[in-house]
Participant: 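Take a look at the following structure, please.
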2 protein chains.
Amino acid sequence: MDTKNPTERYDVMRADCPARQILDRIADKWTVLVILALATGPLRFGRLKAKVEGVSQKMLTQTLRGLERDGMVDRAAYPTVPVTVEYALTPLGHSLVDAVVGLRRWSHAHIDKIDQARRRYDTGKSENANL
Amino acid sequence: MDTKNPTERYDVMRADCPARQILDRIADKWTVLVILALATGPLRFGRLKAKVEGVSQKMLTQTLRGLERDGMVDRAAYPTVPVTVEYALTPLGHSLVDAVVGLRRWSHAHIDKIDQARRRYDTGKSENANL
DNA sequence: CAGTATCCGCAAGGATACTG
DNA sequence: CAGTATCCTTGCGGATACTG
């Protein structure tokens with residue numbers, strides 16, 4: 001299953017490993033949601049903000065800048081008036097889509113199980129509180 | 001590629017969707033690292049803390065409690081002296097391993113590309129600063 | 001060993017106002 | 001429209017001390 005990789009050049013468990021820095025970035029909720037939102041095609045800033053419910057304009061800008069810097073998102077500004085800006089995944093960004101879709105699919109598939117586990121855990125705790 | 005799912009019962013883009021809450025949890029750096037660390041087998045608290053470099057005891061405890069509550073990690077305490085506590089993935093936790101391994105694999109595979117993109121982005125910015 | 005409890009600094013992140 | 005700049009609050013997360 002390739003979960004160990006003791007002979008690899010990089011080890012994500014190491015605090016100073018470059019792979020760790022990358023994981024820190026992509027294991028971020030807004031990053032994941034933006035990637036998913038752009039997976040189906042380019043979007044302008046406003047539409048993107050509307051699609052990713054709950055994101056503030058500040059966090060969206062910040063996330064997009066980070067993804068742009070890492071070469072995963074392309075920013076295209078058209079000199080209309082008012083200005084039009086479109087964001088699109090680069091090939092690098094697209095290569096990440098499968099992985100994040102995996103996360104989303106897992107979330108969808110296990111909502112019920114997790115809800116059950118939470119209820120079991122919480123009732124267990126409150127029962128203990130009565131002892 | 002199943003990136004849209006307009007007819008699905010849940011939509012992760014919605015702020016109040018249960019799937020969003022789950023994604024918020026698993027799209028977290030410590031969660032991902034703990035899942036990876038336990039993927040190869042159970043670990044005691046101390047060994048786990050050593051393996052996941054950089055995690056504080058507080059964040060590790062917090063992350064483990066969250067995962068335990070969601071039914072993804074099992075906590076077993078043995079009445080030795082001093083006490084021995086072992087953490088292991090549940091079947092539910094194991095079912096998430098493939099997805100997070102995907103993230104790690106992607107990170108490993110694209111370190112160089114991202115480094116290049118960053119240098120390009122940063123030098124581009126500083127050149128613009130001279131205009 | 002494996003925690004819990006507490007304090008505290010600092011940065012994430014929201015709200016608002018302003019600009020090309 | 002798509003930002004940037006600013007202020008300000010919240011809580012993440014580290015450090016430390018204490019317990020079964």
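Here is how names work: the chains are called A, B, and so on, in the same order as the sequence lines, proteins then strands, and each is numbered from 1.
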Participant: What is the separation between atom CG on A:L64 and atom C1' on D:dA2, rounded to the nearest whole Å?
Facilitator: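 The answer, rounded to whole Å, is 11 Å.
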Participant: Give the rounded distance in Å between these two atoms: CG of B:L60 and P of D:dG13.
Facilitator: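 Taking CG of B:L60 and P of D:dG13, I get 13 Å after rounding.
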Participant: Partner lookup for D:dA5, please. Criteria are Watson-Crick or G-U wobble with both distances under 3.5 angstrom; report none if nothing qualifies.
Facilitator: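 Across all strands, the one nucleotide that pairs with D:dA5 is C:dT16.
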Participant: Indicate, with a heavy-atom threshold strictly under 4.0 Å, whether A:R75 touches base, sugar-phosphate, or nothing.
Facilitator: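 Sugar-phosphate contact only - A:R75 comes under 4.0 Å of backbone atoms but never of a base.
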Participant: List the protein contact pattern of nucleotides 15-20 of chain D with one symbol per nucleotide (5' to 3'): B for base contact, S for sugar-phosphate-only contact, - for none; contact means a heavy-atom distance under 4.0 Å.
Facilitator: -BB--B
Participant: Of the non-hydrogen atoms in B:R14 and A:E53, which two are nearest, and what is the gap between them?
Facilitator: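 Smallest heavy-atom distance, with atoms named: CA-OE1, 3.5 Å.
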Participant: Less than 4.0 angstrom between a side-chain N/O of B:R44 and OP1 or OP2 of C:dA2, yes or no?
Facilitator: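 Yes.
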Participant: Roughly, in whole Å, what's the span from CG in A:D28 to C1' in C:dA11?
Facilitator: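 Taking atom C1' of C:dA11 as the reference, CG of A:D28 is at 14 Å.
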Participant: Whether the side chain of B:K51 engages the backbone of B:A37 through a donor-acceptor N/O pair (distance < 3.5 Å, no angle test) should be reported.
Facilitator: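 Yes, because the side chain of B:K51 sits within donor-acceptor range (under 3.5 Å) of the backbone of B:A37.
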Participant: Figure out the CD/P separation between B:Q62 and D:dG11, and round it to whole Å.
Facilitator: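 The answer, rounded to whole Å, is 13 Å.
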Participant: Reckon B:R65 touches a base, only the sugar-phosphate, or nothing at all at heavy-atom distances under 4.0 Å?
Facilitator: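 Contact class for B:R65: sugar-phosphate only.
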Participant: Classify the ring geometry of B:Y87 against B:F45: parallel below 30°, tilted from 30° to 60°, perpendicular beyond 60°.
Facilitator: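 The arrangement is tilted - the two ring planes meet at 30° to 60°.
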Participant: Taking NZ from A:K49 and C1' from C:dG14, how many angstroms apart are they, rounded to a whole number?
Facilitator: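 My rounded result for the distance is 11 Å.
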Participant: Using the closest heavy atom to pick a nucleotide of DNA chain C for each, name whichever of A:W30 or B:Y87 lands nearer the 5' end.
Facilitator: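 Here B:Y87 is the residue nearer the 5' end.
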Participant: Mark yes or no for whether B:H110, through its side chain, and B:W106, through its backbone, hold a donor-acceptor pair below 3.5 Å.
Facilitator: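 Yes; judged by distance alone, with no hydrogens or angles, the pair exists.
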Participant: Could you state the atom-to-atom distance from CD of B:E86 to C1' of C:dG3 in whole Å?
Facilitator: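 Taking atom C1' of C:dG3 as the reference, CD of B:E86 is at 16 Å.
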Participant: What is the separation between atom CG on A:D24 and atom C1' on C:dA12, rounded to the nearest whole Å?
Facilitator: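 A:D24 atom CG is separated from C:dA12 atom C1' by 15 Å.
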Participant: Return the minimal non-hydrogen interatomic distance between B:R20 and B:M13, and the atom names on each side.
Facilitator: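 Minimum heavy-atom contact is NH2-O, 2.9 Å.
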Participant: Identify whether the distance between the nearest side-chain nitrogen and carboxylate oxygen of A:D122 and B:R69 falls below 4.0 Å.
Facilitator: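 So A:D122 pairs with B:R69 through a salt bridge.
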Participant: Identify the two heavy atoms, one from A:A19 and one from B:S107, that lie closest to each other, and give their separation to 0.1 Å.
Facilitator: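 Closest pair (atom of A:A19, atom of B:S107, distance): O-CB, 4.0 Å.
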Participant: Can you check the A:R47 CZ to D:dA2 P distance for me, whole Å?
Facilitator: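 It works out to 11 Å between those atoms.
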Participant: Among the nucleotides D:dG3, C:dG14, C:dG3, which one has an atom lying closest to any side-chain atom of A:F45?
Facilitator: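 Closest of the options to the side chain of A:F45: D:dG3.
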Participant: So if I take every side-chain heavy atom of A:M59 and compare against C:dG3, C:dG14, D:dG3, which nucleotide ends up nearest?
Facilitator: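 Closest of the options to the side chain of A:M59: C:dG14.
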